[in-house]
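What follows is a set of notes on a single structure, which appears directly below.
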Amino acid sequence: MTDSAIPRSSATELPTFADVLLAAERIRPWAHRTPVLRSRTADAELGASLFFKAENFQRMGAFKFRGAMNSLSQFDAEQRRAGVVTFSSGNHAQGTALAAQLLGIPATIVMPLDAPAAKLAATRGYGAEIVTYDRYQQDRAQICQRLADERGMTIIPPYDHPHIIAGQGTATLELLQQTGPLDALFVCLGGGGLLSGAALAARALSPQCRLYGVEPEAGNDGQQSLRAGRIISIDTPRTIADGAQTAFLGDYTFEVIRRDVDDIHTVSDAELVQCMRFFAERMKMVVEPTGCLAFAAARRMREQLQGKRVGVIISGGNVDLGKLAGYLAS
Ligand SMILES: *Cc1c(COP(=O)(O)O)cnc(C)c1O
């Protein structure tokens, strides 16, 4: 089942690069400046220079902390008192819960019953109240809206909000500050917060850079939308990339993506598993399936990337260790 009415933000303007710079100032005291990692093995495999932005090492294990902290730190006194409510399949929940805890703001998170156990536990661990729902049967947006109406809480959606987009854009801002201009940048795509934020930073700091979004094959609504020139909705896709199980892009994210993104690619779950194995074996790190989308697509484009400087955003590292062991053994 897809969501009927995702709550919209009241803002009407698309975020800009200036908003990304302001977001970077706001989150600086709280967020990690994550490292950019290199791998000779990856460079040799692709015949290119790869720069991996390791957001799996961000606080709470994914870039989502950036957007959540940028949003919550702009709450006024009344909003801080009543708190924040949001819906998420995992990392936005943890990012919001942690940002709220750090700022002393109450948080309620609407999460799917089948979200990874590690993500449910971590969200509770950050002190948030959790309300669960069945993602194949129930409308999370309605549940969220009811909680907002009853308790006067502010809804911060996972991607379609200018403050979220600007916050996520700080990952690419940092990457480009760390590497200088790039020839190509690969960014995973769920609802498009990370990709549209990346577009704002890349178009300002590295205008010649080719910018690619990457989705799971089973959930290529973004690719369909870019080609159709309007937002296409699909049923909740079944893929191991649980951070990209979104059914449609947002209004804000689609506008930026349509304007600034060169193309959207897809990869299979099997390719994601191969990348998880590569990251574990060669780079000694844990990357969640969704965090592998960008590298999996770059691997497919070896021919076009010869000799190029290529950015790859590793978006997160939150995966149940039991599941990870299964993927690595398969
Ligand atoms: C949320 C998430 C994504 C997708 O981000 P969007 O802003 O929804 O496109 C990708 N990877 C990870 C690890 C995530 O948590």
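Sequence positions, counted from 1, serve as the residue numbers for this chain. In each ligand, atom 1 is the first atom listed, and ligand 1 is the first ligand listed.
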For Arg309, the salt bridge (Lys or Arg N to Asp or Glu O under 4.0 Å) test, sequence neighbours excluded, returns none
Closest contact, heavy atoms only, His163 versus His161:
N-ND1, 3.0 Å
How would you list all residue pairs meeting side-chain hydrogen bond (donor to acceptor under 3.5 Å, both in side chains) that involve residues 270-297, not counting sequence neighbours?
Asn91-Glu288, Lys119-Glu288, Ser268-Glu271, Glu271-Arg300
Paired with Phe295, the side chain to side chain contact (heavy atoms under 4.5 Å, CB included) test is passed by just one of Leu46, Val310, Ile313, namely Leu46
Do any pairs count as a ring-ring contact (aromatic ring centres under 6.0 Å, His included) and have a residue in residues 195-220, sequence neighbours left out, and if so which ones?
Phe186-Tyr212, Tyr212-His265
Does the distance from a Lys or Arg side-chain N to an Asp or Glu carboxylate O, for Asp76 and Arg81, drop under 4.0 Å?
no
Near ligand 1, which protein residues have a heavy atom under 4.0 Å away?
Phe63, Lys64, Asn91, Cys188, Leu189, Gly190, Gly191, Gly192, Gly193, Leu194, Gly243, Glu288, Thr290, Ser315, Gly316
